[in-house]
Amino acid sequence: MEAFLLSVHVVAGILFVGPVAVTASLFPRYAPLSVPSAPGSDVRSADTAAMLHRVSRGYGIVAIVVPAVGLVLAAVQGRSTEIWVVVAMVLTAVAGVLLATQIVPRQREALDAPDDGTQLRRLGMLAGIFNLLWVAVVVLMIVRPASDYS
Amino acid sequence: MRPLLRTLGVLSALELISVVALAANLLTVHDEAVASALGPVHGALYLSVALAALLGRGLTSRTRVYAILPLLSGPLTMLRVRREAAGE
């Protein structure tokens with residue numbers, strides 16, 4: 001049971017969170033702008049950006065599996081009060097809420113009403129924070145500070 | 001009602017249920033297994049309500065402050081969500 005839950009947790013983390021980390025980072029590069037940029041060097045395309053937005057949103061929703069299974073796993077293993085689990089849960093919640101309330105809605109706005117790039121720079125910053133949060137969570141899962149198990 | 005408000009409403013309702021269940025368990029049988037299972041679930045729900053209110057866009061500051069109050073964030077947020085939806 002523990003092995004199964006752990007497998008689901010890790011596979012879902014790689015397959016669902018991974019793509020969101022990539023699409024959220026790529027979106028600002030591909031999203032259309034209201035001002036024309038240098039010809040020849042421009043990769044911007046509304047279709048590509050819309051696809052990246054769909055992946056960010058869709059995979060972001062199914063990625064709820066990762067913390068949900070993680071919570072069950074921590075309870076089954078009796079680790080739910082260990083500090084590294086608690087810190088990881090907080091960071092995961094911040095990352096998930098950041099994606100749902102800031103990144104995805106701002107992507108939608110950037111698609112609906114392209115501007116001169118101001119909102120895309122903010123999106124790039126938010127994607128960076130989102131990815132850093134996941135790095136911190138994964139490191140916590142491996143290092144497990146203050147744990148008897150590692 | 002905006003999706004953010006609907007989500008906040010649902011999450012805060014679940015949070016209220018979880019805290020009531022925790023309190024009921026504490027006052028009656030006080031089962032350790034129930035407490036250790038419900039505790040983290042309630043914590044996760046509280047966190048998601050608080051963070052959604054802090055990071056959500058276009059909420060009043062009163063809603064944000066109420067949502068981070070431990071124990072009270074469930075009922076208070078349910079109330080505020082209704083107010084904000086009515087004011088739209």
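Numbers restart at 1 for each chain; the letters A, B, ... are given by sequence-line order, proteins then strands.
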Are there donor-acceptor atom pairs under 3.5 Å between chain A and chain B, and if so which?
unit_1, atom_1, unit_2, atom_2, d
A:Q102, NE2, B:L55, O, 2.5
A:E109, OE1, B:R57, NH2, 3.4
A:E109, OE2, B:R57, NH1, 2.9

| Tell me, side chain or backbone of A:V90 under 4.5 Å from chain B's heavy atoms, or both, or neither? | both
| query | When hydrophobic residues are tied together by side-chain contacts of less than 4.5 Å, even through go-betweens, does B:L11 share a cluster with B:L54? | reply | no
| field | Co-membership, hydrophobic cluster, residues B:L27 and B:V34, 4.5 Å side-chain | value | no
| Of the backbone (N, CA, C, O) and the side chain (C-beta and beyond), which part of A:P105 lies under 4.5 Å from a heavy atom of chain B, both, or neither? | both
| task | Using the rule that two of Ile, Leu, Val, Met, Phe, Trp, Tyr join whenever any of their side-chain heavy atoms come within less than 4.5 Å, decide whether A:F4 and A:I14 are in one cluster. | result | yes
| task | Report yes or no: do B:L59 and B:L72 belong to one cluster of Ile/Leu/Val/Met/Phe/Trp/Tyr joined by side chain heavy-atom distances under 4.5 Å? | result | no
| query | What option among A:A75, A:P67, A:A93, A:A74 has the most heavy-atom pairs under 4.5 Å with chain B? | reply | A:A93
| Which atom names give the shortest non-hydrogen contact between A:L71 and B:A44, and what distance separates them? | CD2-CB, 4.2 Å
Distance-only criterion, 3.5 Å: show the donor-acceptor pairs between side-chain atoms of residues 133-143 of chain A and protein atoms not counting sequence neighbours.
none

| Max heavy-atom pair count under 4.5 Å with chain A, selected residue of B:V41, B:L47, B:L4, B:L51 | B:L51
| Can A:V94 be reached from A:V104 by stepping across I, L, V, M, F, W or Y side chains whose heavy atoms are under 4.5 Å apart? | yes
